[in-house]
Amino acid sequence: MKEMNPGEQKSGLAESEADTEMDTSPDTNPTEATASPTRNSSTLDPSDKHQCTSHQSNNTMQTEISFIPTLGDFEVIPSEIFEIILGFVSVKDISMMSMTSKIINSCVINYISSPPGNKRLFPRDFHNHELSDCTRSSILEHYGSLGLLFKRCTLLRPTKERLKYIHKILSEISCFKFNGCSDPLHCFGLQCYGVFLQTLTAGWDECECHRVYSFLCEVTNLPQKMEKVFNSKPGRFRKLELRIRTFCRGVFLNHWIDRNDSAFWLRCILNPWPMVNQARLLYLIFGPVSTLDGYVAWQNMIQHEADENSLKELAEAVKLLHYTLANESLENDVVMLLEQLTVIPQEWHLENIARFLILCESNICVSFMVNKAVNGQAMELARLVVFLALVCEKDIYCMDWAVQTMQKVCNIINSAHEKNVFLQNIENTFAQMIMDALQFVISGEHDDEETVFLYLFHLVNAQANFHKEILYLTMNYEM
């Protein structure tokens with residue numbers, strides 16, 4: 001049984017003593033004081049009867065309230081048995097129970113820390129390759145429910161204390177640590193951590209979520225690890241790069257459904273750093289990786305043409321930043337970010353830049369090209385238009401998109417002379433690239449003849465289809 005508060009005991013005693021004094025007052029007739037409850041009510045004044053009844057009712061109600069057991073029907077059950085009962089209750093129901101009283105909340109927290117509760121609540125089978133997709137989804141859903149449980153059972157604590165308590169519990173799971181997992185590439189523990197974090201912070205304002213990110217950076221030394229990578233050549237610390245990639249994606253980024261939530265956490269990761277480091281971090285987290293060992297493939301963009309799949313995630317991240325920004329100055333930051341990104345670790349192959357811009361979609365592509373036009377990079381801009389046409393031909397995109405993009409850039413150029421120079425550069429670039437490819441074919445200085453002929457084939461077709469769209473546009477012909 002719960003012991004009464006000393007204040008409550010004193011209060012109850014005072015009331016009892018007051019009642020006794022009232023009953024034994026000299027003005028009270030002893031016979032009436034000891035009369036049967038079934039006595040005739042005519043012996044009392046109606047107003048006196050009402051006051052007496054009200055006083056007795058209030059005393060009874062206060063006594064009953066003071067003795068209501070905090071644990072309800074569980075009051076008579078030992079704490080050990082109560083924990084056993086919790087073992088048969090769903091995680092969501094336990095989270096509801098934790099909000100009913102401080103006593104039950106304390107029992108739930110004790111259950112979480114107990115060996116049986118810890119074993120039941122935190123499944124750790126993160127490396128079993130034989131798990132079905134359904135089982136994996138069930139585990140992820142379970143950790144989402146755990147996030148709700150911790151959200152509710154720590155509800156009355158300040159944010160920092162909540163985070164410390166949660167970190168203390170979760171840090172016992174090695175796969176939730178930054179360097180804890182021996183095989184991070186084939187582990188979905190950080191995904192479970194991310195789903196847990198998603199549920200925990202649902203409904204929190206941005207200030208509180210910033211505190212969460214800052215706290216996790218503090219306990220993992222994440223900024224220091226990032227800085228170590230920034231101060232070295234790309235690929236120098238491959239294992240550390242992989243750890244940063246898997247941690248940021250698993251914990252902060254991959255599990256969000258709403259684009260604004262994803263953009264918020266991505267900006268938390270990027271904003272503390274200067275633009276050049278933001279670009280490198282963006283490539284580290286979303287760029288292509290080696291199919292052999294999973295490490296970040298820094299050389300893919302500069303040595304040869306990259307396929308579309310290796311650029312998709314990087315393009316999606318740029319679009320996420322672009323379309324969730326509110327003003328023009330921040331949109332210009334995205335263009336600056338692209339300028340830095342396309343020279344990491346060295347200047348990208350122009351075909352890769354063109355393919356990347358196509359995946360980033362029209363607005364970002366045009367903004368990037370207009371920036372080059374404004375800065376007087378006419379020749380590079382003309383070559384980029386040609387490669388846009390080439391990628392449209394290779395990857396079967398509509399060629400009229402490349403023509404319309406060129407037209408939008410032309411509209412930005414004010415001088416008629418500069419427009420003529422720009423268009424002339426495009427034609428010269430087409431001719432020069434075709435001649436270079438043809439010369440390479442004739443020289444025989446190549447190992448894969450089929451690939452060289454295919455490149456020339458695509459280039460000639462790109463020029464023909466590009467000019468065809470321009471003719472349609474000029475003649476106002478509708479297909």
Side-chain angles (χ1 to χ4, degrees), residues 305 315 318-319 322-323 325 327-343 347-438 455-456 458-479:
E305 298 85 0
V318 172
K319 287 193 293 183
H322 181 268
Y323 291 116
L325 294 176
N327 57 61
E328 186 177 348
S329 62
L330 294 178
E331 289 185 10
N332 291 334
D333 288 346
V334 173
V335 175
M336 293 174 59
L337 183 65
L338 286 180
E339 291 284 355
Q340 295 291 340
L341 184 61
T342 52
V343 294
E347 188 173 354
W348 289 10
H349 192 296
L350 263 176
E351 183 173 327
N352 292 334
I353 296 179
R355 183 170 284 109
F356 178 59
L357 291 175
I358 290 174
L359 291 173
C360 287
E361 297 181 357
S362 182
N363 290 341
I364 298 174
C365 178
V366 171
S367 298
F368 181 82
M369 297 177 72
V370 166
N371 184 63
K372 290 190 177 298
V374 171
N375 292 328
Q377 299 172 294
M379 194 61 211
E380 183 178 351
L381 184 60
R383 285 174 55 81
L384 186 54
V385 171
V386 173
F387 274 100
L388 285 175
L390 178 60
V391 173
C392 285
E393 178 65 28
K394 278 187 172 184
D395 297 353
I396 320 178
Y397 291 111
C398 294
M399 189 61 73
D400 64 337
W401 180 88
V403 173
Q404 290 174 14
T405 300
M406 179 196 68
Q407 189 178 28
K408 290 176 182 177
V409 175
C410 276
N411 293 336
I412 298 298
I413 302 174
N414 296 323
S415 168
H417 173 70
E418 290 179 355
K419 287 183 180 180
N420 290 336
V421 171
F422 172 59
L423 296 175
Q424 186 64 47
N425 285 338
I426 293 175
E427 294 305 316
N428 292 340
T429 301
F430 262 122
Q432 186 63 49
M433 288 178 62
I434 291 174
M435 291 300 296
D436 290 345
L438 183 59
Y455 174 76
L456 180 59
H458 284 311
L459 189 56
V460 172
N461 274 341
Q463 184 188 42
N465 290 325
F466 186 77
H467 287 147
K468 180 181 70 176
E469 292 297 333
I470 292 177
L471 287 174
Y472 287 147
L473 184 65
T474 305
M475 305 299 293
N476 294 322
Y477 177 76
E478 295 184 1
M479 295 184 64

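All of these numbers come straight from a predicted model, not from anything done at the bench.
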**Report entry** For Cys398 against Cys392, the heavy-atom pair lying closest together
**Finding:** O-SG, 4.0 Å

Query raised in the report: Looking just at side-chain N and O atoms, do Gln432 and Asp436 make a donor-acceptor pair shorter than 3.5 Å?
Result: yes

Query raised in the report: If you take all heavy atoms of Met399 and Ala462, which pair is closest and at what distance?
Result: CE-O, 3.9 Å

Report task. Report the distance from atom OG of Ser367 to atom NE2 of His322, rounding to the nearest 0.5 Å. Result -> 5.0 Å

Report summary line: Separation between CD1 (Ile412) and NZ (Lys419), nearest 0.5 Å, reads 9.5 Å

Query raised in the report: Are Val318 and Phe356 side-chain neighbours, meaning at least one heavy-atom pair lies under 4.5 Å?
Result: yes

Query raised in the report: Hey, what do you get for CE (Met369) to CG (Leu381), rounding to the nearest 0.5 Å?
Result: 4.5 Å

Requested in this report: Could you check if a side-chain atom of Asn425 sits within less than 4.5 angstrom of a side-chain atom of Arg383, using non-hydrogen atoms only?
Outcome: no

Query raised in the report: Would a 4.5 Å heavy-atom cut-off, applied to side chains only, mark Ile358 and Cys365 as touching?
Result: no

Query raised in the report: Can Glu339 and Lys372 be said to form a side chain to side chain contact (heavy atoms under 4.5 Å, CB included), step by step?
Result: CA-CA 10 Å; Glu339 291 284 355; Lys372 290 190 177 298; 3.7 Å; yes

**Report entry** For Ile434 against Leu456, the heavy-atom pair lying closest together
**Finding:** O-CD1, 4.0 Å

Query raised in the report: side chain to side chain contact (heavy atoms under 4.5 Å, CB included) between Ser362 and Lys408: does it pass, once the steps are laid out?
Result: CA-CA 10 Å; Ser362 182; Lys408 290 176 182 177; 3.4 Å; yes

Query raised in the report: Ignoring hydrogens and geometry, is there a side-chain-to-backbone donor-acceptor pair from Asn352 to Trp348 under 3.5 Å?
Result: no

Report summary line: side chain to side chain donor-acceptor pair (under 3.5 Å) pairs touching residues 388-401, sequence neighbours excluded, are Glu308-Tyr397, Glu351-Lys394, Arg355-Asp395, Glu393-Asn465

**Report entry** Glu418: partners by salt bridge (charged side-chain N to carboxylate O under 4.0 Å, His left out), with sequence neighbours left out
**Finding:** none

Query - Chi angles and distances behind the side chain to side chain contact (heavy atoms under 4.5 Å, CB included) call for Ile353, Phe387 - result: CA-CA 9 Å; Ile353 296 179; Phe387 274 100; over 6 Å; no

Requested in this report: Kindly compute the distance separating CZ (Phe368) from CG (Leu337), expressed to the nearest 0.5 Å.
Outcome: 11.0 Å

Query raised in the report: Is Val386 close to Phe466 at the side-chain level, that is, under 4.5 Å between some pair of heavy atoms?
Result: no

Query raised in the report: Which of these, Leu459, Leu350, Asn461, Val385, sits in a side-chain contact (heavy atoms from CB on, under 4.5 Å) with Leu390?
Result: Leu459

Report summary line: Note: Tyr323 and Cys360 closest approach over all heavy atoms is OH-O, 4.4 Å

Query raised in the report: Any luck finding a side-chain donor-acceptor pair between His458 and Gln463 under 3.5 Å?
Result: no

Report summary line: Here the gap from Leu357 atom CG to Leu338 atom CG, rounded to the nearest 0.5 Å, amounts to 7.0 Å

Report summary line: Those residues at least two apart in sequence (or on a different chain) that pass salt bridge (charged side-chain N to carboxylate O under 4.0 Å, His left out) with Glu347 are none

Requested in this report: Using a 4.5 Å cut-off on heavy atoms from C-beta on, say whether the side chain of Ile470 contacts that of His467.
Outcome: yes

Query raised in the report: Side chains of Leu423 and Cys410: does their closest heavy-atom pair fall under 4.5 Å?
Result: yes

